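Since we're looking at a predicted model, the values are computed, not measured. Residue numbering restarts at 1 for every chain, and letters A, B, ... go by the order of the sequence lines.
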Amino acid sequence: METFITLVAAGIAQGGIYTLVALGLVITYKASGIINFSQGALVAMGAFLGYWLISDLGWNWLTAYAVVTIGMFLFSGALARVAIEPIRRRVQVMVMVSTFALSLIIEALLRLWRGTNPISLPSPVGNGVLHLGPVRVPAQVVLVVAVAAVLVGLIVLVFTSTSIGRQVRALAADRTAARLAGVRTVAMSFLVFGAAGAVAALGGLLVAPLTGMSTSLGFSIMLTAFAAAVIGGFDRLSGVVLAAMVLAIGQALASGYLSATFNEAYPFLIMLVVLLFRPRGLFAAVERTRF
Amino acid sequence: MGKLAVAGGAALVVVAVVSGCSAGSTGTEDGPITFGAFVPITGAVANPSNQDAVKLAEEAINADGGILGRDVDIEIYDVGDTPESAVNAVNRGISDGIQFAFGFANSPQVLATAGAFQDAEVPLLFFTVSQVLDFETTGNPWLYRGLPAAAPISDRGIQYLHDELGVEDFATVTTSDDGSKASHPFIDAAVEDLGGKVVTSIEYSPQATDTTSEVLDITGSGAEGMFLWGFPQPQAVLIRQLRQAGSDIPIMLDYGGSFQISNNLLPAELLSGVYSSAACPVDLLDSAADVYAELPQPDKADTYTGLFYDSVFVFADVIEAAGSVDPTSVQEGLASPDSLDYDGICGSYVGSDDHNVANFGVVLSLEGGELTVAPGQ
């Protein structure tokens, strides 16, 4: 039983990490219909900027986290304006490939800046562990899950209860109609991509103390987050969070009880099985046509 | 007049080309003996200390009368960090007429250039540990390994855990990339040779961000100590989770263990009971102290700095024993303990027919985030 609880706890921790990255994928998709594959590179970029400020320049972690998050908001918003907006009317596959190219460019620039040797970001909460019954949970893991939960709540609140949220949803539903109704599409697009970048950066800052950092830090996490978004339905935030948890807990249990050799394959295996029976994902919104 | 000018010009070109070729080809009996040092000057693993070490070795050997009374001329070639850049560097070196070569710090570069050294009959001393470059695999008689291979690194680390720390039941763990997992049989063999027991044998992903199942496996197996071979980043993930799970078993890392400290991968409090079976930590070895003190940037020095320095003297030892710079004699001399028995700043180099001439190593402690020679070494 102790093994089971330990594996479930590890799964929840990984689920928190996947959620942080999946959030960025979902909010950009909800607002623009674009699946932004540069999200993983933004995770790495946030971590590297944090390392620079904290380890190289000696900033305290709170200030560094704030500066990186705000900086990445501005950077990502500007990046979308310059690199994604001009091609957004092209075929969707082309836009997706372009975001993937952006990811490669960002990773290459990070490699030029910091080299390829792995480094690690210090944890703001140290290396202590919390004893939850028989399970020892690292304090950093608790922080990751807590931040992911707060961010999910915040984003749900913004999307459902604010004017900005309504404008973003209108943008997603029909961009032309939204513009005619007075929604400032360019500003909204900047806001959404900026927010996704900020969430990615925060994810990088929180994950790096657990995993170490390399320029490809966010890539494999993003792939699993993508699987979570596919299962959860790209337009359902709560569905994606639930899917991230299902994938991560399934991954941990399968690694623990079956074989750890296929650890990275389990989420995609689960995704394939789900899509076999539910091609639109587990929680995708049902489209109804009225006559 | 025009024809005469053309003929004269052509003659001048021929003379220039011929003299240029002979100047580049320094295999004459009176000229300097030419070496190619293949150093990563650019790229991810660039380290200026390696070039500095080569220059120091060149100066020292020439100040001491050279080799067979002839000066040594070492040309440094930048191999970058890709096979393509290495091939370019080697092609330049061979067209320059180098007689002996040493360097490289990654296996793909050596694999990409091995044929060129064989075709040009230039003996190469390389510094990578991968089994794909074992002599019995490559069959290339011109390649020699100047860095301890996986077997002695494993032997030394396992022996320390067993003899000094009393470990009998071992967890042997590698990351699942080809290079690392190829070391697994050597680690397990070292345990069995000492009469120990492998209670769990694990290979895990080099991209692992969560190693909970591996930690449960290790703690559940009753292992008293662990040998962990692999990339530094997943090593750090496993060590962190193992320590946070409450396990304090001693952990022996491979020769790259110092990365945990140099790259701040793990904080000091998680490095208690962590060791590294290292090759040549020049900043910690008494035998390297004089050379270390002369380096312009000693803080940059690493294992390869010592290897680059020693290589020139290894060749000198063999050439002196052969009494000739004939490449075949030198290539055969590197395989014979009668021709090569040299104590360098890294330790002992002995000629060997398995083409592994580096016969040294030391166990380091990472306790408290400080690299020190482990007690009892």
Side-chain angles (χ1 to χ4, degrees), chain A residues 2-4 6-11 13-14 17-18 51 55 111-112 114-123 126-131 135-141 207-214 216-217 219-221 224 248 251-265, chain B residues 40 42-47 81-82 106 173 175-176 181 200-220 230-247 256 258-272 302:
Chain A
E2 189 178 322
T3 300
F4 178 78
T6 303
L7 289 171
V8 170
Q14 279 294 109
I17 292 171
Y18 297 151
Y51 182 88
S55 296
R111 269 198 298 279
L112 274 177
R114 303 299 315 199
T116 54
N117 280 337
I119 46 180
S120 184
L121 191 64
S123 164
N127 295 291
V129 292
L130 303 177
H131 295 260
V135 182
R136 297 162 63 98
V137 184
Q140 180 70 21
V141 166
V207 171
L210 292 170
T211 63
M213 298 155 54
S214 65
S216 59
L217 166 69
F219 187 72
S220 60
I221 299 172
T224 313
Q251 181 182 24
L253 292 173
S255 295
Y257 289 117
L258 299 176
S259 167
T261 308
F262 306 107
N263 180 50
E264 285 157 357
Chain B
T42 56
V45 293
N47 183 342
D81 56 6
T82 65
N106 77 53
V173 184
T175 48
S176 57
K181 72 179 183 187
T200 184
S201 183
I202 298 170
E203 286 167 5
Y204 72 110
S205 167
Q207 276 88 42
T209 55
D210 176 53
T211 54
T212 302
S213 59
E214 286 82 3
V215 168
L216 288 171
D217 191 343
I218 293 163
T219 52
F231 288 113
Q233 195 171 340
Q235 281 182 336
V237 173
L238 180 56
I239 295 170
R240 179 189 299 277
Q241 290 198 272
L242 196 62
R243 290 294 186 244
Q244 289 182 327
S247 170
S258 60
F259 267 104
Q260 300 299 334
I261 292 176
S262 62
N263 288 24
N264 296 316
L265 292 180
L266 285 171
E269 63 263 32
L270 295 181
L271 287 168
S272 179
D302 61 13

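- Looking at B:Q207, both its backbone and its side chain come within 4.5 Å of chain A, counting heavy atoms on both sides.
- Heavy-atom distances place both the backbone and the side chain of B:Q244 under 4.5 Å from chain A.
- Taken to the nearest 0.5 Å, the OG atom of A:S255 stands 11.0 Å off from the CG atom of B:L216.
- Taken from OG in A:S120 to CG in B:L266, the straight-line distance is 7.0 Å, to the nearest 0.5 Å.
- Per-residue heavy-atom pair counts under 4.5 Å with chain A were compared for B:N264, B:V215, B:I202, and the maximum is reached by B:N264.
- Closest non-hydrogen pair, A:A260 versus B:S213, comes out as CB-OG, 3.5 Å.
- Contact count against chain A (heavy-atom pairs under 4.5 Å) is highest for B:G246 among B:P232, B:G246, B:S262.
- Considering all non-hydrogen atoms of both residues, B:A208 and A:E264 come closest at N-OE2, 4.0 Å.
- Here A:R136 is the residue among A:R111, A:Q251, A:R136 with the most heavy-atom pairs under 4.5 Å with chain B.
- Of the listed residues (A:S220, A:P209, A:G126), the greatest number of heavy-atom pairs within a distance under 4.5 Å of chain B belongs to A:P209.
- Here A:S123 contributes atom OG and B:R240 contributes atom CZ; the two are 7.5 Å apart, rounded to the nearest 0.5 Å.
- Nearest approach of B:Q233 to A:P118, heavy atoms of both residues: OE1-CB, 3.4 Å.
- Residue contact with chain A, scored on non-hydrogen atoms closer than 4.5 Å, involves the backbone and the side chain of B:T209 alike.
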Original post:
When you look at B:Y204 and A:T261, which way does the side chain to side chain contact (heavy atoms under 4.5 Å, CB included) test go after all the steps?
Top reply: CA-CA 6 Å; B:Y204 72 110; A:T261 308; over 6 Å; no

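- Interface residue B:L265: backbone and side-chain heavy atoms are both found under 4.5 Å from chain A.
- Counting heavy-atom pairs under 4.5 Å between each of A:N127, A:V129, A:I221 and chain B puts A:N127 at the top.
- In this structure, no portion of B:F231 lies under 4.5 Å from any heavy atom of chain A.
- With chain B as the partner, the residue from A:P122, A:S214, A:G256 showing the most heavy-atom pairs under 4.5 Å is A:S214.
- Here the closest heavy-atom approach between residue B:D210 and residue A:A10 is recorded as OD2-CB, 3.9 Å.
- Contact of A:Y51 with chain B is made through the side chain alone, with heavy-atom distances under 4.5 Å.
- More than 12 non-hydrogen atoms from other residues, nucleotides or ligands lie less than 6.0 angstrom from OH of A:Y257.
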